Amino acid sequence: MSQIWLVPAFPLLGFLLNGFLGKRFGARFVSFVGPLAIALSFAQSLVLFFQMLEAEGNMLREHLYTWIASGNFEAGINFQVDQLSGLYLLVITGVGFLIHVYSVGYMDGESGYYRFFAYLNLFVFFMLILVLGDSFLLMFVGWEGVGLCSYLLIGYYFEKDSAAEAAKKAFLFNRVGDFGVLSAVLLIFLAFGSIEFSTINAEAATRLELGGGLVTAITLLLFLGATGKSAQIPLFVWLPDAMEGPTPVSALIHAATMVTAGLYMVARLSHLFVLAPFTMHVIAVVGATTALMAATIAITQTDIKRVLAYSTVSQLGYMFLAMGVGAFGAGVFHVMTHAFFKALLFLGSGSVILAIHHEQDMRNMGALKSKLPITYITMLLGTLAISGVPFFSGFFSKDEILWKAFSSPLGSPWFWGVGFLTAGLTAFYMFRMIYLTFHGESRVDSHTLEHVHESPISITIPLMILAVLAVTGGFFGVPHLFNFFPNGMESYFHGFFADIPSGHGSVATEWTLMAFSVGFALFAWFVASRLYHSGFDIAAGLRSKWEWAYQLSLNKWYIDELYNAVIIQPGRLISTHLLWQLFDQNVIDRAVNTTGTVARTVGNTIRPFQNGLTQNYALIFTLGTFLILWYVM
Amino acid sequence: MLIIFYIFAALSVLGGLGVLFLRNPIHCALSLVGTFFCLGAIYVMLNAEFVAVIQVLVYAGAIMVLFLFVLMLLSSKDSEQYANKWPIGKILAGLLSLGIFIQIAGLFNAGELQLGPKGAYPLEVVEEVGSIALIGRLLFTDYILSFEIIAILLLVAVIGAVVIAKRRLQ
Amino acid sequence: MIPIEHILLLSAVLFTIGVLGVMLRRNVIVIFMSIELMLNAVNLSFVTFARSMDSMTGVIFIFFIIVVAAAEAVVGLSIILSIFRTRKTLNIDEYNLLKW
């Protein structure tokens with residue numbers, strides 16, 4: 001027996017303990033229970049992972065109990081571990097554990113410390129349910145659960161207006177996506193009579209025709225859900241605002257785990273998605289556009305966490321690009337490496353923010369290199385990884401995606417071009433961040449500067465572990481090009497995803513493209529160092545020259561304003577004039593008032609009968625007897 | 001025999017009307033006792049001696065004495081007629097009662113009464129065994145459960161009456 | 001033999017008098033007496049039917065009815081006693097507690 005249920009059970013137990021007893025037993029108890037729950041879960045995940053590798057068909061299943069049985073529809077609480085969820089398990093519990101440890105240092109002394117850990121545990125629980133569930137029902141429970149936890153954690157500082165607003169925004173945008181998922185699930189049930197992933201994947205090709213309307217509708221709706229959860233165009237605007245939450249939350253939920261749930265869903269149903277080439281194309285285009293757009297926004301942001309947030313959106317776009325061109329394995333590979341280096345970068349930024357007393361504006365940083373050596377080195381490694389500098393983890397996964405975007409039958413040189421451009425921009429804004437934060441002259445105010453010191457050990461150790469992973473994680477999936485090293489990713493996922501005919505393109509082309517992208521990234525690094533390392537004259541000159549572009553980028557392409565004008569204002573107008581003043585007041589209120597009036601009138605009419613005169617009651621009683629007798633005889 | 005029945009019947013109706021029309025409640029009660037006695041006599045004529053005896057003992061003796069006790073306990077100056085609050089009620093009540101009477105009377109006056117099959121106790125048997133012995137036998141065999149339950153009911157009523165009527169301690 | 005219809009007619013008359021008493025009299029105790037009168041009317045028809053159908057069941061029923069009537073009288077009179085303590089009257093129109 002594999003005991004899969006233990007994996008989510010530990011975080012749930014942690015949540016219950018922290019949530020109900022945490023306040024009474026104090027911070028020491030909470031900082032012990034919180035990470036321990038995830039550590040146990042991680043240990044069990046490891047065991048399961050290796051059991052899964054041994055198991056027949058690389059699949060472990062466990063039936064806990066039958067939740068709904070109605071007619072021929074049956075939905076149970078069944079857990080399954082296969083290649084995809086196995087990998088996700090390790091990432092969620094592994095990175096999750098590190099971030100829990102980190103939080104012990106980061107959240108030290110915050111009010112509501114126990115609440116934070118309770119939510120964090122609960123989040124991990126739901127995330128595990130999401131990836132372990134063997135059917136849409138259970139996945140949807142997790143899907144909604146992580147959305148709830150995300151809401152609770154973004155709004156952790158709920159006394160701050162901006163945090164409360166951001167939490168609401170995230171929740172509402174996710175809701176739009178959830179609508180898509182639910183509709184898709186209904187359609188799937190109509191088409192398959194089942195909502196189990198294994199059935200859907202196995203029977204997709206026989207039940208649905210390639211490129212048919214139904215499968216396209218299903219996959220587009222699912223993708224709508226994915227854009228909500230994974231912050232893609234058009235629903236990406238909530239993610240940058242989600243940075244109002246504490247930094248560990250940004251690292252865990254809004255970089256490493258929850259936002260990849262959309263990708264998980266697409267990868268999970270790869271056999272369904274390949275039947276809808278149109279949807280695949282939409283995914284690729286949306287992914288590429290998001291990647292580029294978010295990258296252009298990131299280059300002008302001044303809030304360190306917002307840079308990382310847009311970077312996350314951009315990288316998620318990358319992963320969707322990979323999915324869209326049928327490179328599911330490459331996309332999931334990037335999910336993994338991204339989880340490592342983006343969590344690292346977020347935690348590093350948190351360490352910086354903590355050191356200079358909750359200052360997030362990079363214009364007020366600079367020259368922190370010597371003050372925060374460990375943070376600096378680990379973040380630099382993370383930056384190298386995300387920029388795609390050779391032999392760091394990001395290089396392998398990103399290059400794999402770029403190559404697939406170019407060579408896959410679903411890909412095109414345009415996709416490669418967009419990815420290439422994005423890769424350069426990524427390197428640029430990441431090094432801009434590094435230079436603004438750690439190099440040049442200090443712009444930290446002198447009073448704060450005196451107190452700046454390296455973060456405590458519970459923060460630096462997760463940073464170092466993540467740095468190691470960010471550097472080496474890529475060797476899990478070295479491309480074929482370097483044939484001295486086996487491509488572990490490909491053999492790991494062998495036969496799991498839907499097959500896409502292998503691409504065209506020679507080895508020479510691949511080398512050339514790789515050289516281009518690496519060269520471009522290095523060039524972007526160079527430019528960033530020119531612009532931001534010492535003095536900002538050139539940057540300022542460029543900014544005044546390209547004022548409109550600068551404004552466009554700084555204001556995030558005015559997407560929020562667009563939503564405001566197109567959706568919120570008309571919605572408000574309709575609500576005010578039509579729904580409220582016309583419908584609500586004239587129809588609903590009137591109906592309610594009429595009900596009351598009728599009741600009152602009837603009451604007034606028959607009230608005299610209840611006059612307390614017992615003999616009148618007797619009279620009416622006799623009348624009743626009389627009528628009954630009359631009826632009987 | 002028949003004449004005696006009609007006399008008793010007329011007397012009992014008279015007693016009932018007394019209850020209806022006499023002003024003083026004590027007079028009402030005494031009039032009702034008269035009715036009960038008359039009914040007891042009719043029971044004897046119907047060969048139901050046991051019923052007649054308990055009619056006189058329990059109704060005329062116990063229950064009506066209780067009524068009189070309570071009346072004397074309470075009605076110091078309560079013999080006057082109370083003002084009527086709703087005069088139309090009187091007319092309505094009269095009409096309704098009349099309606100009910102007509103319906104009941106119509107039941108057995110319109111045609112022959114359809115009685116079910118005869119029971120196992122014709123007059124000869126009853127006279128041979130004796131009505132009291134028969135009732136006793138039935139009560140302690142066929143109706144034993146009801147009998148026990150009615151005993152408990154009586155106990156409960158006694159206790160309840162004591163609890164309700166007891167003067168609350170201030 | 002007394003004709004059964006005549007006895008039943010007597011029973012109906014007594015019952016109707018009881019009904020009228022309940023609806024017309026205002027003294028609670030007299031109303032109570034009227035109820036007893038109705039019970040007796042019913043008893044009378046029970047005995048009549050028992051006799052004319054050669055059955056003992058009606059007589060047994062009367063036994064139970066009388067017991068119940070006794071119980072009812074006891075409890076009812078004690079309720080009247082206790083209401084009288086607060087209302088100081090036997091007028092049923094003043095017993096309008098049911099109104100609220």
Side-chain angles (χ1 to χ4, degrees), chain B residues 2 5 9 12-13 16-17 19-20 25 28-29 32 35-36 39 42-43 45-48 50-51 54 58-59 62-63 66-67 70-71 74-75 78 82 85 90 93-94 97 100-101 104-105 108-109 113 115-116 118-119 121-122 134-135 138-139 143 146 150 153-154 157-158 160-161 164-165, chain C residues 2 4-10 12-21 23-27 29-30 32-34 36-37 40 43-44 47-57 59-60 62-64 66-75 77-82 84 89-91 93:
Chain B
L2 210 56
F5 166 73
S12 66
V13 170
L17 289 173
V19 175
L20 193 53
C28 292
L32 189 62
T35 305
F36 287 163
L39 285 176
I42 294 173
Y43 292 155
M45 283 181 235
L46 289 169
N47 299 83
F50 176 69
V51 181
I54 57 170
V58 178
Y59 262 124
I63 298 181
L66 194 62
F67 271 88
V70 172
L71 272 173
L74 302 183
S75 61
D78 249 73
Y82 302 113
K85 283 201 172 172
K90 257 183 179 168
S97 312
I100 287 181
F101 174 74
I104 299 174
F108 43 77
N109 261 1
L113 216 48
L115 292 179
K118 294 265 175 182
Y121 302 98
L134 255 179
I135 291 172
L138 280 171
L139 269 184
Y143 297 95
S146 319
I150 211 81
L153 178 81
L154 211 51
V158 169
I164 292 170
Chain C
I2 311 162
I4 171 172
E5 285 84 1
H6 291 194
I7 313 178
L8 289 175
L9 197 68
L10 172 64
V13 168
L14 288 176
F15 186 82
T16 312
I17 291 173
V19 171
L20 271 170
M23 287 194 289
L24 295 182
R25 297 304 301 253
R26 312 214 106 65
N27 189 314
I29 298 182
V30 179
F32 216 163
M33 289 183 216
S34 305
E36 298 294 338
L37 188 60
N40 265 280
N43 281 358
L44 181 57
V47 174
T48 315
F49 282 123
R51 186 64 276 132
S52 56
M53 292 172 75
D54 291 344
S55 162
M56 288 307 280
T57 316
V59 181
I60 304 283
I62 289 175
F63 177 78
F64 290 132
I66 289 177
V67 175
V68 170
E72 175 224 340
V74 170
V75 176
L77 285 171
S78 56
I79 289 174
I80 289 171
L81 257 175
S82 112
F84 185 80
T89 176
L90 289 172
N91 186 353
D93 286 352

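Quick caveat: nothing in here was measured; it's all calculated off a predicted structure. Chain letters run A, B, ... following the sequence lines, proteins first and then strands; every chain starts at 1. These values consider heavy atoms only, across backbone and side chains, with no hydrogens, waters or symmetry-generated copies.
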For the residue pair [X] and [Y], what are the closest heavy atoms and their distance?
X	Y	value
Thr16(C)	Ser97(B)	CG2-O, 3.4 Å
Ala71(C)	Leu153(B)	CB-CD2, 4.5 Å
Leu14(C)	Val13(B)	CD2-CA, 4.1 Å
Leu37(C)	Gly16(B)	CD2-CA, 3.9 Å
Leu44(C)	Tyr43(B)	N-OH, 3.5 Å

By a 4.5 Å heavy-atom criterion (distance strictly below it), what part of [X] contacts chain C: side chain, backbone, both, or neither?
X	value
Leu17(B)	both
Leu20(B)	both
Leu39(B)	side chain
Leu2(B)	side chain
Val19(B)	both
Phe101(B)	both

Quick one: which of [options] has the most heavy-atom pairs under 4.5 Å with chain B, could you say?
options	value
Phe49(C), Phe15(C), Phe64(C)	Phe64(C)
Ile62(C), Leu81(C), Ile29(C)	Ile29(C)
Ile66(C), Val68(C), Ile79(C), Ile80(C)	Ile66(C)

So do Leu71(B) and Met33(C) actually touch side chain to side chain, heavy atoms under 4.5 Å?
yes

For Ser52(C), does its backbone N or O pair with a side-chain atom of Lys118(B) as donor and acceptor, under 3.5 Å?
yes

Main-chain N/O of Ala48(B) paired with Arg51(C) side-chain donor or acceptor, under 3.5 Å:
no

